[in-house]
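We name chains A, B, ... by the order of the sequence lines, and we start the count at 1 in each one.
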There are 2 protein chains.
Amino acid sequence: MANIKEVADLAGCSIATVSRHVNGAAPISVEVRARIEAAILQTGYRPSEIGRSLKRQATRTLGIVVPSLTNPVFALSVSGFQAVARRHGYNVLIATSDYDPAIEAEAVETFLGQSVDGLALTVCDSLSSPALATIDAGGKPNVLLFNQADMPGRQAVTVDNIEAARAMTDAILAEGHRRIVFLAGRFAASDRSRLRYRGFAAALAQAGLKPPLPLELDFLDATPDAALQPLLGGENRPTALFCSNDVLALGVIGALKRLGARVPDDMSVVGFDGIDLGQMVEPTLCTVSQPARAMGELACERLLATIRSTPEAATDAARFLAFDIRRGGSLGPAPRVVAAIGAGQDLQRDNTTPHNKRETA
Amino acid sequence: MANIKEVADLAGCSIATVSRHVNGAAPISVEVRARIEAAILQTGYRPSEIGRSLKRQATRTLGIVVPSLTNPVFALSVSGFQAVARRHGYNVLIATSDYDPAIEAEAVETFLGQSVDGLALTVCDSLSSPALATIDAGGKPNVLLFNQADMPGRQAVTVDNIEAARAMTDAILAEGHRRIVFLAGRFAASDRSRLRYRGFAAALAQAGLKPPLPLELDFLDATPDAALQPLLGGENRPTALFCSNDVLALGVIGALKRLGARVPDDMSVVGFDGIDLGQMVEPTLCTVSQPARAMGELACERLLATIRSTPEAATDAARFLAFDIRRGGSLGPAPRVVAAIGAGQDLQRDNTTPHNKRETA
DNA sequence: GCACAGGATGTAAACGTTTACAAGGTCAAG
DNA sequence: CTTGACCTTGTAAACGTTTACATCCTGTGC
């Protein structure tokens with residue numbers, strides 16, 4: 001509201017002097033300083049960052065685009081990103097794409113219009129993202145988050161999705177499972193899902209098994225019961241489900257319970273991400289844990305380093321972070337006798353372990 | 001990068017004409033239009049929002065401050081807020097206060113410096129918030145989210161926390177519980193917690209019971225086991241716990257299980273917020289559900305209405321939204337025989353309901 | 001007594017827009 | 001032919017800063 005000119009007039013000096021005082025850019029005589037301070041107090045003057053940005057050609061603002069905030073793994077990374085930005089005096093503009101490449105591109109467009117100093121992105125598909133192309137064209141500092149680098153030189157903060165999924169699949173195989181199905185939420189709209197499936201398929205192939213096609217579930221549908229039903233019948237039903245992320249896995253576990261299946265006795269379920277919630281449910285969720293908050297923090301640090309063109313940043317731009325196969329009650333040994341799940345299940349149980357034994361033991 | 005002048009020079013016209021074309025503000029002859037479009041394509045020109053903002057004295061940017069993004073109830077509201085903002089062509093700056101009034105105030109300060117057009121806030125304490133005072137001083141459009149209005153005329157999107165907690169407490173009492181403890185996360189840093197406690201205490205008093213003091217847990221501590229232990233011994237232990245929010249409630253349920261208590265047979269637990277996760281765990285969480293996403297959306301709509309000074313907005317500025325007492329398996333009847341919980345519990349059980357009966361029935 | 005250093009302040013341009021106002025042109029009505 | 005209406009375009013000011021450059025003082029060293 002009050003601008004620098006008002007303050008200057010009130011203090012009886014020029015706007016340059018006020019600016020210098022506000023920025024501590026030059027020594028100001030005590031008398032003038034006192035008058036300026038009084039004027040600032042009286043007018044409630046606050047320097048306009050937009051005036052500054054215009055002059056400085058830098059906004060001290062970063063943009064971050066994620067598919068959604070309702071998946072804790074993204075919320076957590078945004079949280080870390082924002083915390084680091086704040087610590088360095090940067091603001092954060094946020095946008096969610098809802099897994100839609102068009103919205104994603106539009107968000108990037110908007111952010112570029114806002115002259116953000118840099119961008120962090122979790123895109124639907126790093127290989128075909130129009131958003132990424134736009135950014136590259138403009139030469140804005142940027143970093144991928146959760147996506148893997150689509151080209152050499154691209155900064156990316158992520159785990160190796162293929163290797164992680166392979167390791168998790170090996171863990172499932174080690175429990176004796178032989179029929180495992182990969183469930184994906186938004187398979188088409190997530191390159192992470194596809195990479196994880198590749199790791200899954202590779203592990204199965206290495207074990208001499210033919211990997212079944214992934215089954216796509218719309219995980220915005222809170223009750224995937226109907227979609228799951230076909231997996232529960234027959235002698236050849238799967239005994240384990242690899243869900244492409246934890247939110248999906250928790251939804252699937254809930255659906256399985258409603259359908260009368262015990263997890264993990266009748267069906268093992270594993271996820272990917274390592275959200276906290278997975279530790280709170282029973283059985284606890286077996287999953288691939290990635291350090292989401294730290295990833296958001298690191299993405300921000302890399303981005304700031306790039307903006308300040310600290311060369312150190314570029315060094316291991318795309319090196320993978322460590323993941324962790326987190327054991328949990330939702331993965332158990334394959335049942336020795338496989339029975340169809342559903343009505344009449346009680347008669348067919350071959351395992352009478354109490355539900356909570358695993359956790360309270 | 002490229003600015004309007006470059007485009008104008010390349011197109012052989014004045015910057016005013018380019019501006020008019022970009023904004024569709026006036027008819028442009030076909031030839032000139034073609035030249036301008038070519039120039040824009042060639043230069044990759046994108047109008048600078050910061051130049052616009054300076055001229056227009058409006059940024060089309062909103063700020064939102066919440067305590068954290070890791071609590072789904074806030075993440076969800078931010079998500080709704082951002083979606084509505086986007087739909088109206090507004091950007092969103094985000095900040096998290098981590099329940100610290102100082103950070104909260106600093107964030108508001110920063111946002112004002114950025115000349116946001118309006119602010120949505122979930123403050124620690126609406127009655128003593130320095131941030132709120134700052135905003136009022138500047139006269140910026142603003143709306144509280146989850147906080148109740150601290151003064152007449154303040155816009156606030158929230159449920160009636162006192163009434164909601166009272167209703168939930170009545171539901172607990174109706175199950176026969178007589179010793180109920182209120183557990184709060186960050187009691188000191190959340191006016192919502194305090195209001196909910198007041199409703200809780202009022203309901204108990206009305207039932208002729210003396211409300212015990214609230215027990216404060218640091219819910220950032222993932223394992224509140226030690227803090228909970230004292231509540232589990234003796235004949236006079238509580239049989240129900242009212243947690244001030246769902247995240248805390250889920251943490252408490254997890255801890256209780258580890259400590260050997262069955263929920264709800266040995267101990268009932270209820271929460272507040274109605275996060276989706278509560279429906280995925282077993283037993284499902286009994287809670288007060290508030291429509292977090294819709295609240296974020298409404299907050300944004302109210303804010304935009306205020307910015308455009310549509311009078312309609314001010315009408316029911318602070319009217320409460322409806323809440324919903326969501327039944328769930330975590331609230332059961334009070335045990336007829338109360339036994340201490342811990343080692344040897346198996347011998348003292350007076351209720352042999354299978355763990356999952358409630359859900360699969 | 002003079003030159004010069006250095007401190008404090010002012011002047012004005014620049015950053016990228018939008019827009020009031022002015023001006024030029026074309027055309028139709030009188 | 002003149003007038004005015006209307007369409008298209010240009011000129012220049014304004015938005016709020018920062019900062020190079022200029023200016024004016026004061027004081028010090030010779």
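A/S29 comes within contact range of the sugar-phosphate backbone alone, with a heavy-atom separation under 4.0 Å but no base atom that close. Within 4.0 Å of A/S14, counting heavy atoms only, lies at least one base atom of the nucleic acid.
For B/T17 and D/dG10, the shortest distance from a side-chain N or O to OP1 or OP2 is below 4.0 Å.
For the residue pair A/Q155 and A/T306, a side-chain donor N or O sits within less than 3.5 Å of a side-chain acceptor on the partner. Judged purely by distance below 3.5 Å, without hydrogens or angles, the side chains of A/R52 and A/N23 pair a donor atom with an acceptor atom. A donor-acceptor contact closer than 3.5 angstrom links the side chains of A/S128 and A/D125. A/S129 and A/E104 share a donor-acceptor pair across their side chains, judged by distance under 3.5 Å alone. Between the side chains of B/R293 and B/S79, at least one donor N or O sits under 3.5 Å from an acceptor N or O. Side chains of A/T59 and A/Q114: no donor on one and acceptor on the other come within 3.5 Å.
Separating the NE2 atom of B/H21 from the P atom of D/dT9 is a distance of 11 Å, rounded to the nearest angstrom. Summarising the geometry, the separation between CG on A/D9 and C1' on C/dG10 is reported as 13 Å, rounded to the nearest angstrom. Between A/R33 atom CZ and C/dT9 atom P there is a gap of 9 Å when expressed in whole angstrom units. If you measure from atom NZ of B/K5 to atom P of D/dT11, you get 11 Å, rounded to the nearest angstrom. The separation between B/I28 atom CD1 and C/dT19 atom P is 14 Å, rounded to whole Å.
In this structure the side chain of A/R192 never reaches within 4.5 angstrom of the side chain of A/T158, judged on heavy atoms. In this structure the side chain of B/T70 never reaches within 4.5 angstrom of the side chain of A/P72, judged on heavy atoms. Considering only heavy atoms from C-beta on, A/Y45 stays 4.5 Å or farther from A/E6 through its side chain.
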Audit row: B/E49, B/R60, salt bridge (charged side-chain N to carboxylate O under 4.0 Å, His left out) steps and yes/no: CA-CA 9 Å; B/E49 282 303 323; B/R60 293 200 154 259; over 6 Å; no
Base-contact (B) and sugar-phosphate-only (S) positions in nucleotides 20-26 of chain D, heavy-atom cut-off under 4.0 Å, - elsewhere: B------
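In summary, B/D117 and B/K140 do not engage in a salt bridge, as defined by a charged side-chain N under 4.0 Å from a carboxylate O.
Fit an axis to the five pairs at each end of the helix from C/dG1-D/dC30 to C/dG30-D/dC1 and the two axes sit 60° apart, to the nearest 10 degrees.
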Distances under 3.5 Å between nitrogen or oxygen atoms of protein and nucleotides 13-16 of chain C:
unit_1: C/dA14; atom_1: N3; unit_2: A/K55; atom_2: NZ; d: 3.4
unit_1: C/dC15; atom_1: O3'; unit_2: A/Q57; atom_2: OE1; d: 3.4
unit_1: C/dC15; atom_1: O3'; unit_2: A/Q57; atom_2: NE2; d: 3.4
unit_1: C/dC15; atom_1: O2; unit_2: A/K55; atom_2: N; d: 3.4
unit_1: C/dG16; atom_1: OP1; unit_2: A/Q57; atom_2: NE2; d: 3.2
unit_1: C/dG16; atom_1: OP2; unit_2: B/N3; atom_2: ND2; d: 3.0
unit_1: C/dG16; atom_1: N2; unit_2: B/G51; atom_2: O; d: 3.3

